[in-house]
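All values derive from a computational prediction rather than experimental measurement. Values reported hereafter were calculated over all heavy atoms of this structure, with side chains retained and with hydrogens, waters and symmetry mates removed.
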Amino acid sequence: MIKLIATDMDGTFLDSNKNYDPKFLELFKKMKEKNIHFVVASGNQCHRLFQRFESIKEDIYYIAENGSYTLKGSTPLYSTLIAPEDLNKLLDMLLPLEDCFFILSGRKGTHILNKHRNREDIIVKYYARYYFVENYDDLDDEIFKISLYDDNHQSTALLETILPSIPKDVRAITTGHEWIDFTDKSIHKGIALKKLQDDLGILPEECAAFGDQMNDLELLQQVKYSYAMDNAVDPIKEVAYEIIGDNDSQAVIKKIEEILNNV
């Protein structure tokens, strides 16, 4: 019997316009009635995720920042920071890159250099609480994640180029054709979900999860019923229990409805 459903957001739960079918709110009521936990597992900032589910936000578990920050509603549960020495090394590596910009995500919000104000149209899609700063020298925050945006939309190729310079205790993963996320090596969505499963007393065979990109790999491996989107990258499809429709056809919501009808 399914007791927990976890889903990625962009390219999975959300369509290409960053929306989802309002029918989900009725399905969420049914999940609550059946004592099924709903988990949003995303690379996005928690404040942006709250906006997606305003009316029910306190009843959802959030695995935000690619596993680095887990909450029940607005209540923090676990967090994993990038070590200060690794943060400095990453900044030294990323600042000289051309055709890119990057942002730092922390407890207080997301921080972007003033010179990248012209990228606000991109930033606002993923972050709700963000600040522009002149530099990162005296940043008063603890950092979960750095996200690098590639204007050339070749994140996989860019990652291969910079891989030798990444600190050994840092994990770097593509989250689409444009983004590379850097977090502490000890954390990812799968580890964060495992902590939740343990705390809730739920087994992997009692869980379903949905994903489309490489940052969803361990999330899908942490459950028995793993669903890859039709628009997913091939390695995600290869580990999936089942491949469903694409994000623009609201395939996640359709599968959740099917699951609920069989519980």
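Between Lys32 and Asp59, at least one side-chain N (NZ, or NE/NH1/NH2) sits under 4.0 Å from a carboxylate O, which counts as a salt bridge. Under a 4.0 Å N-O distance rule, the pair Asp181/Lys145 qualifies as a salt bridge. Salt bridge Lys254/Glu257: absent, no basic N to carboxylate O contact under 4.0 Å. Ion pairing between a basic and an acidic side chain is recognised when a charged N comes within 4.0 Å of a carboxylate O; Glu65 and Arg107 show no such pairing. With respect to the salt-bridge test (charged N to carboxylate O, under 4.0 angstrom), the residues Glu206 and Lys3 qualify. Salt bridge Lys185/Asp86: absent, no basic N to carboxylate O contact under 4.0 Å.
Between His116 and Phe101, the angle of the ring planes lies from 30° to 60°, which puts this pair in the tilted group. In this structure, Phe24 and Phe13 have perpendicular ring planes: the angle between them is above 60°, well past the 30° mark.
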>> Show, in sequence, the C-alpha distance, side-chain angles and deciding distance for Lys255 and Glu242, and conclude whether the salt bridge (charged side-chain N to carboxylate O under 4.0 Å, His left out) test is met.
In response: CA-CA 11 Å; Lys255 178 57 70 172; Glu242 182 182 338; 3.2 Å; yes

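Side-chain atoms of Gln45 and Thr110 include a donor-acceptor pair closer than 3.5 Å. Side-chain contact annotation: Gln250 with Asp21, donor-acceptor N/O pair under 3.5 Å absent. No hydrogens or angles considered: nothing links the side chains of Asn215 and Thr175 as a donor-acceptor pair under 3.5 Å. Judged purely by distance below 3.5 Å, without hydrogens or angles, the side chains of Thr183 and Asn66 never pair a donor atom with an acceptor atom. The closest side-chain donor-acceptor pair between Glu120 and Tyr130 falls under 3.5 angstrom. In this model, no donor atom of one side chain and acceptor atom of the other lie less than 3.5 Å apart for Asp150 and Ser155. A donor atom on one side chain and an acceptor atom on the other are found under 3.5 Å apart for Glu58 and Ser74. Counting only N and O atoms by type, the side chains of Asp199 and Tyr78 include a donor and acceptor under 3.5 Å apart.
Contact annotation: the side chain of Asp246 never approaches that of Met229 to less than 4.5 Å [non-hydrogen atoms, C-beta and beyond]. For the pair Ile60/Phe28, a side-chain contact is recorded, criterion being any heavy-atom separation below 4.5 Å from C-beta on. Residues Lys224 and Cys207 have side chains not in contact (no heavy-atom distance under 4.5 Å, counting atoms from C-beta outward). Between Leu14 and Asn247, every side-chain heavy-atom pair lies at or beyond the 4.5 Å cut-off.
Screening residues 241-263 for ring pair (Phe, Tyr, Trp, His ring centres under 6.0 Å), with sequence neighbours left out, gives Tyr225-Tyr241. Screening residues 182-214 for ring pair (Phe, Tyr, Trp, His ring centres under 6.0 Å), with sequence neighbours left out, gives Phe210-Tyr227.
Two rings, from Tyr61 and His37, have their centers less than 6.0 Å apart. Aromatic rings of Phe50 and Tyr62 (six-membered ring for Trp) have centroids within the 6.0 Å cut-off, being under it.
Lys23 NZ: 12 or fewer foreign heavy atoms inside a 6.0 Å radius.
Note that the CG atom of Leu95 and the CG atom of Leu113 stand 6.5 Å from one another [nearest 0.5 Å].
Ile259 and Leu203 fall into different hydrophobic clusters, where Ile, Leu, Val, Met, Phe, Trp and Tyr residues are linked whenever their side-chain heavy atoms come under 4.5 Å apart, directly or through other members.
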